[in-house]
Amino acid sequence: MPAFSVSDILSTAFSNRKSHLSLPLQFITHAIYLQVSFVCCWTALRTLKMDARRSVPFAVFLQLLFSLISSAEIKPILHRKYPLCDLGCECPAEGQSFLLLDCSQRGLYKLPTSLQFDSPLSILSFQGNHITSLAMSTFSIVDGIEELDLSVNKIMKIDNFTFVPFKSLALLRLSHNYLSEITPGLLEGLSNLRVLEVGHNALQKLEKSTFRATPSLQELRLQYNPIFELPEDIFQFLPKLERLDLQDTGLVSLPSDVFKPIPHLQWLSLSSNAFENVPEEALSKAPKLESLDLSGNDFTSLGELALFRIKTSLLNS
């Protein structure tokens with residue numbers, strides 16, 4: 001076994017924030033720190049020619065010892081890796097392979113800035129809080145996080161480039177908030193994103209370049225937003241899209257070529273909209289469609305809907 005000097009251990013434990021020492025060894029280093037501190041105090045007392053055993057009552061001696069322990073900051077190792085643990089978040093256990101940092105329903109109104117994690121997490125959840133906005137400086141180092149849940153908050157604004165640090169993010173939940181727009185810059189940096197949930201917001205308009213930064217997207221949920229109208233080339237940057245939820249978005253019609261850029265579309269919900277006629281021309285541009293929901297619309301002719309169902313064999317209403 002290699003030998004470690006006291007200075008080596010102390011410098012590793014206290015100077016290097018990314019130390020990979022085992023949990024017991026880190027507590028040993030704290031013990032060494034306490035011992036060194038005690039010796040220093042004892043030496044100081046002897047230098048002042050004071051007999052600590054007679055001059056200092058035992059209770060005061062214990063208080064001194066406890067203050068040394070407090071100054072050593074003996075906290076769980078995970079609290080140094082994940083500062084949000086100090087805000088009451090439920091942190092992963094040491095050695096847990098599927099890491100989840102759960103800050104859901106913690107009464108949070110604002111997130112600290114420059115959040116960073118020395119060890120990668122898989123899932124980060126802030127669901128069910130009172131967060132109203134996210135600044136570009138909110139996240140700093142978040143390598144390895146694949147799922148981010150910000151749903152069921154009160155988010156009205158997210159700065160552009162806020163999610164750039166999330167290089168590995170595959171799932172982003174922003175549903176049940178108060179977002180009125182999604183600018184192209186909001187999704188910047190999310191080239192590996194596969195699922196985006198922004199249902200139950202206040203989205204009124206989508207720009208044709210909204211999804212330019214998410215070419216890997218496979219599932220998009222926009223339900224329950226007052227969108228009313230889709231640009232014809234809204235999906236031009238989503239060649240891998242397979243599932244699309246447009247339920248209750250106030251749509252009256254669809255551009256004839258709106259689904260042309262997404263030839264792999266398999267699941268589509270257009271339920272609870274304001275269609276009077278089946279958007280047959282638009283649907284014909286989705287040759288791989290397997291499941292279609294048209295329920296809850298005001299079709300003028302039930303015969304037209306029945307005929308469409310027979311021709312396409314898409315019965316899911």
Side-chain angles (χ1 to χ4, degrees), residues 127 146-152 169-177 179 182 187 190-201 203 206 208 210-299 302 304-317:
Q127 181 265 342
E146 297 179 357
E147 299 183 15
L148 176 61
D149 192 346
L150 290 160
S151 62
V152 197
L169 198 66
L171 169 60
L172 176 58
R173 290 192 171 105
L174 292 170
S175 57
H176 294 274
N177 279 289
L179 293 171
I182 298 180
L187 300 174
L190 299 179
S191 59
N192 293 312
L193 193 68
R194 294 195 297 271
V195 179
L196 175 61
E197 299 180 2
V198 286
H200 297 270
N201 274 277
L203 302 178
L206 296 175
K208 62 180 181 180
T210 296
F211 304 109
R212 69 184 182 191
T214 57
S216 300
L217 205 63
Q218 297 176 3
E219 181 172 343
L220 176 59
R221 296 193 173 272
L222 295 165
Q223 74 276 18
Y224 294 97
N225 281 289
I227 297 174
F228 297 112
E229 185 179 358
L230 292 176
E232 186 167 20
D233 46 2
I234 182 63
F235 304 123
Q236 62 177 320
F237 299 105
L238 303 177
K240 298 181 180 180
L241 195 65
E242 298 178 357
R243 299 176 65 87
L244 176 61
D245 193 344
L246 292 168
Q247 178 184 1
D248 203 346
T249 49
L251 295 175
V252 176
S253 61
L254 291 174
S256 58
D257 290 331
V258 69
F259 298 131
K260 188 174 181 179
I262 45 177
H264 301 290
L265 187 65
Q266 300 176 12
W267 185 95
L268 173 64
S269 177
L270 294 172
S271 65
S272 302
N273 278 288
F275 291 106
E276 294 183 355
N277 300 293
V278 176
E280 189 170 351
E281 186 175 359
L283 293 171
S284 67
K285 306 296 174 59
K288 294 187 178 181
L289 197 61
E290 298 176 356
S291 178
L292 172 65
D293 190 347
L294 288 169
S295 62
N297 283 282
D298 298 323
F299 294 113
L302 294 179
E304 179 187 3
L305 177 59
L307 180 60
F308 176 77
R309 289 175 175 175
I310 293 173
K311 288 196 298 183
T312 61
S313 299
L314 294 172
L315 302 177
N316 191 28
S317 57

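Note that the structure is a prediction, hence the values are computed from the model and not measured. Residue indices begin at 1 and follow the sequence shown. Heavy-atom basis, side chains included; hydrogens, waters and symmetry copies ignored.
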Colleague: So, the side chain of Thr214 versus the backbone of Leu190: is there a donor-acceptor pair under 3.5 Å, distance only?
Modeller: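 Not a single qualifying donor-acceptor pair exists.
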Colleague: Does some side-chain heavy atom of Asp245 sit less than 4.5 Å from a side-chain heavy atom of Leu268?
Modeller: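 Result no, sub-4.5 Å side-chain heavy-atom pair not found.
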Colleague: So Phe275 and Leu251, do their side chains get closer than 4.5 Å, heavy atoms only?
Modeller: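 Counting from C-beta outward, Leu251 and Phe275 do come under 4.5 Å.
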Colleague: Which value, rounded to the nearest 0.5 Å, describes the distance between Ser295 atom OG and Gln247 atom CD?
Modeller: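 The CD atom of Gln247 is 7.0 Å from OG of Ser295, to the nearest 0.5 Å.
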Colleague: If I compare all heavy atoms of Ser191 with all of Ser216, which pair ends up nearest, and what's the gap?
Modeller: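 Nearest pair, atom of Ser191 first, then Ser216: O-OG, 2.8 Å.
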Colleague: Measure from the side-chain N and O atoms of Asn177 to the backbone N and O of Leu179, and report whether any donor-acceptor pair falls under 3.5 Å.
Modeller: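 Checked: no pair found.
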Colleague: At what distance, to the nearest 0.5 angstrom, does CG of Leu246 lie from OG of Ser269?
Modeller: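 Here the interatomic distance stands at 7.5 Å.
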Colleague: Using every non-hydrogen atom in the two residues, find where Pro263 and Pro239 come nearest and quote the distance to one decimal.
Modeller: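 Shortest heavy-atom separation between Pro263 and Pro239 comes out as CD-O, 4.3 Å.
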Colleague: Please check if atom CZ in Arg243 has more than 12 non-hydrogen atoms from other residues, nucleotides or ligands closer than 6.0 Å.
Modeller: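 Yes.
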Colleague: Return yes if some donor-acceptor pair links the side-chain N/O of Asn192 with the main-chain N/O of Ala170 below 3.5 Å, else return no.
Modeller: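 Here the side-chain-to-backbone pair does not exist.
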Colleague: Between Leu171 and Leu148, is any pair of side-chain heavy atoms under 4.5 Å apart?
Modeller: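 Heavy-atom side-chain distance check fails, nothing below 4.5 Å.
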Colleague: Compare all side-chain heavy atoms of Phe259 with those of Leu254 and state whether any distance is below 4.5 angstrom.
Modeller: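 The answer is yes; the side chains approach within 4.5 Å.
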Colleague: Please give me the minimum heavy-atom distance between Gln127 and Val152, naming the atom from each residue.
Modeller: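 Residues Gln127 and Val152, closest heavy atoms: NE2-CG2, 3.6 Å.
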Colleague: Go through Lys288 and Glu290 one step at a time and tell me if the salt bridge (charged side-chain N to carboxylate O under 4.0 Å, His left out) criterion holds.
Modeller: CA-CA 6 Å; Lys288 294 187 178 181; Glu290 298 176 356; over 6 Å; no
Colleague: How far apart are the C-alpha atoms of Leu265 and Leu244, what are their side-chain angles, what is the distance that settles it, and do they pass the side-chain contact (heavy atoms from CB on, under 4.5 Å) test?
Modeller: CA-CA 8 Å; Leu265 187 65; Leu244 176 61; 3.9 Å; yes
Colleague: Would you check, one step at a time, whether the test side-chain contact (heavy atoms from CB on, under 4.5 Å) holds for Ser253 with Glu229?
Modeller: CA-CA 8 Å; Ser253 61; Glu229 185 179 358; over 6 Å; no
Colleague: Could you go through Leu174 and Leu172, starting from their C-alpha distance and side-chain angles, then the distance that decides it, and tell me whether this counts as side-chain contact (heavy atoms from CB on, under 4.5 Å)?
Modeller: CA-CA 6 Å; Leu174 292 170; Leu172 176 58; 3.9 Å; yes
Colleague: Can you sort out the partners of Asn201 under side chain to side chain donor-acceptor pair (under 3.5 Å), two or more places apart, ordered by chain and number?
Modeller: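 Partners of Asn201 under the side chain to side chain donor-acceptor pair (under 3.5 Å) test: none.
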Colleague: How about Phe211 and Ile234: do any of their side-chain heavy atoms sit closer than 4.5 Å?
Modeller: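 The answer is yes; the side chains approach within 4.5 Å.
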Colleague: Kindly indicate whether the side chain of Leu220, heavy atoms from C-beta on, has any atom under 4.5 Å from the side chain of Leu222.
Modeller: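 Of all side-chain heavy-atom pairs linking Leu222 with Leu220, at least one is under 4.5 Å.
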Colleague: I'd like to check the side chain to side chain donor-acceptor pair (under 3.5 Å) partners of Glu242; sequence neighbours left out, ordered by chain and number.
Modeller: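 Result, side chain to side chain donor-acceptor pair (under 3.5 Å) vs Glu242: none returned.
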Colleague: Can a donor-acceptor pair be found, under 3.5 Å and without considering hydrogens, that links the side chain of Asn297 to the backbone of Phe299?
Modeller: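 Flag not set: sc Asn297 to bb Phe299 has no pair under 3.5 Å.
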Colleague: Heavy atoms, side chains only, cut-off 4.5 Å: are Pro215 and Phe237 in contact?
Modeller: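 No, every pair of side-chain atoms sits at 4.5 Å or beyond.
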Colleague: Tell me whether the count of non-hydrogen atoms from other residues, nucleotides or ligands lying under 6.0 Å of NZ in Lys208 goes above 12.
Modeller: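 Counting other residues, nucleotides and ligands, NZ of Lys208 stays at 12 neighbours or fewer.
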Colleague: Could you measure the distance from the CG atom of Leu238 to the NE2 atom of His264? Nearest 0.5 Å is fine.
Modeller: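 Nearest 0.5 Å value for the CG-NE2 distance: 12.0 Å.
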Colleague: NE2/His176 to CG/Leu150 distance, rounded to the nearest 0.5 angstrom?
Modeller: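 Going from the NE2 atom of His176 to the CG atom of Leu150 covers 13.5 Å.
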Colleague: Who pairs with Asp233 by side chain to side chain donor-acceptor pair (under 3.5 Å), at least two apart in sequence or on another chain?
Modeller: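 Result, side chain to side chain donor-acceptor pair (under 3.5 Å) vs Asp233: none returned.
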Colleague: Look up atom OG in Ser271 and atom CG in Leu292, then write down how far apart they are to the nearest 0.5 Å.
Modeller: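 One gets 9.5 Å once the value is rounded to the nearest 0.5 Å.
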Colleague: What distance separates Glu219 CD from Lys240 NZ, expressed to the nearest 0.5 Å?
Modeller: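 Nearest 0.5 Å value for the CD-NZ distance: 15.5 Å.
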Colleague: Do Lys285 and Asp257 have side chains that approach each other closer than 4.5 Å (heavy atoms only, starting at C-beta)?
Modeller: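 Result yes, sub-4.5 Å side-chain heavy-atom pair found.
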Colleague: Before giving the answer on side-chain contact (heavy atoms from CB on, under 4.5 Å), spell out for Asn273 and Val252 the whole-Å C-alpha distance, their side-chain angles and the decisive distance to 0.1 Å.
Modeller: CA-CA 7 Å; Asn273 278 288; Val252 176; over 6 Å; no
Colleague: Is it the case that the side chain of Asn225 and the backbone of Leu203 share a donor-acceptor pair, with hydrogens and angles ignored and the cut-off at 3.5 Å?
Modeller: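 Judged by distance alone, yes, a pair lies under 3.5 Å.
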Colleague: Identify the two heavy atoms, one from Val258 and one from Phe235, that lie closest to each other, and give their separation to 0.1 Å.
Modeller: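 Closest heavy-atom pair between Val258 and Phe235: O-CD1, 3.4 Å.
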